[in-house]
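Please read the structure below before turning to the comments.
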Amino acid sequence: MDPDIVLFAEVVRTASLSAAGRSMGISPAMVSKRIARLEARLGVRLLNRTTRRLDLTARGAAYHRDMVEILAAIRDAEARVSDRTDTPGGPLRVSAPTSFGRLHIAPHLKPFLDAYPAIELNLDLSDGFSDVIGDRLDLAIRITPAVPPSLTGHRLADSRRVLCAAPSYSASRDAADLTEHRLLAAKGQMPWRLAGPDGDVTIDRPSYVATNSSEVVRELTLAGVGIALRSLWDVSADLAGGRLVRVLPELAGSADVGIYAVHARGPVSAGTTALLDYLRGLWSPKPPWES
């Protein structure tokens with residue numbers, strides 16, 4: 001494999017000429033010279049460079065996608081021939097939504113960390129968008145209907161969503177039309193796209209209380225302030241315990257939303273693979289919130 005192609009893949013992985021140079025044992029100036037040489041040979045610009053960041057061009061992204069698959073195949077072939085094993089260890093940077101991470105990742109990490117003591121886990125919980133490539137994440141948990149083509153996604157579980165409210169709210173308002181209810185949603189969670197017996201329904205109204213926190217929405221719903229569209233992974237225990245009840249059960253969140261683990265395209269570390277396998281085991285074949 002052309003060493004300039006290997007260097008290009010490392011520049012994309014690290015999102016930095018300097019970091020790629022340190023990894024490959026060459027100066028940033030030499031990295032820049034060799035990337036320019038590769039671009040000249042191909043006759044296309046692969047990277048847009050600024051003083052602050054590097055971005056792939058459209059052709060650069062397509063080229064990178066093809067090259068990392070070839071590099072991964074070569075590494076797999078070499079590992080099979082030499083019978084090498086790669087012990088999981090070193091830094092492992094992971095992000096997840098706040099509530100999901102607190103409820104369904106953090107409580108289950110001890111067996112994973114005990115099994116792989118050489119892994120240095122950095123778990124970032126946030127309801128904001130995580131830039132997998134820009135933030136140099138090894139893995140990100142996303143609850144989404146689709147994974148962008150620039151990333152590799154692994155669907156770990158479904159994320160069924162239901163309309164629910166506290167019994168006190170449900171008893172006081174029995175209107176069958178959602179427009180007559182107080183609706184609760186965090187910033188970015190509207191519109192609601194619901195599946196019903198007569199087809200899909202879209203509800204696009206302001207939340208009764210404006211907030212950027214999904215956990216605030218959950219607490220307001222438990223307090224009887226209004227109706228929320230919540231994932232079963234978040235409210236299944238409250239539904240089972242009677243603290244919440246389903247309302248308008250003929251309507252539910254569209255079934256295309258899933259819980260994904262995503263990472264940059266191309267080969268991943270042994271630690272990333274180990275965590276992926278562990279999470280699959282936690283939530284397969286049926287996640288606990290679906291019981």
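All residue numbers in this chain count up from 1 along the given sequence. Remember, it's a predicted structure, so these values are computed and weren't measured experimentally.
- There is a path of hydrophobic side-chain contacts, each under 4.5 Å, that joins L163 to L183.
- L46 and L56 fall within a single hydrophobic cluster, where Ile, Leu, Val, Met, Phe, Trp and Tyr side chains are chained together by heavy-atom contacts under 4.5 Å.
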Quiz: residues 226-240 side-chain donor-acceptor pairs under 3.5 angstrom, not counting sequence neighbours:
from, atom 1, to, atom 2, distance (Å)
R230, NE, D234, OD2, 3.0
R230, NH1, S214, OG, 3.1
R230, NH2, S214, O, 3.2
R230, NH2, S214, OG, 3.1
R230, NH2, D234, OD2, 2.5
S231, OG, S159, OG, 3.3
S231, OG, W233, NE1, 3.3
D234, OD1, R218, NE, 3.4
S236, OG, L232, O, 3.2
D238, OD1, R243, NE, 2.8
D238, OD1, R243, NH2, 3.3
D238, OD2, R218, NH2, 2.6

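- Between F112 and Y278, the ring planes lie tilted relative to each other; the angle falls in the 30° to 60° range.
- Between L220 atom CG and S207 atom OG the span is 8.0 Å, to the nearest 0.5 Å.
- A side-chain donor-acceptor contact under 3.5 Å links R155 and Y260.
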Mind running ring-ring contact (aromatic ring centres under 6.0 Å, His included) on H181 and Y169 for me, showing each step along the way?
CA-CA 10 Å; H181 284 277; Y169 179 89; 5.8 Å; yes
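- Here the straight-line distance linking atom CZ of F8 with atom NE2 of H64 works out to 6.0 Å at 0.5 Å rounding.
- Cluster annotation: V132 and V12 are assigned to distinct hydrophobic clusters (Ile/Leu/Val/Met/Phe/Trp/Tyr, side-chain heavy-atom contacts under 4.5 Å, transitive).
- Ring pair F100/W289 is perpendicular by interplanar angle, where above 60° counts as perpendicular and below 30° as parallel.
- When hydrophobic clusters are built by joining Ile, Leu, Val, Met, Phe, Trp and Tyr residues whose side-chain heavy atoms come closer than 4.5 Å, directly or via intermediates, L184 is not grouped with I143.
- Here the CZ atom belonging to R45 is positioned 8.5 Å from the CG atom belonging to L47, to the nearest 0.5 angstrom.
- Remark: side-chain polar atoms of D138 are paired, donor with acceptor, to backbone N or O of R93 under 3.5 angstrom.
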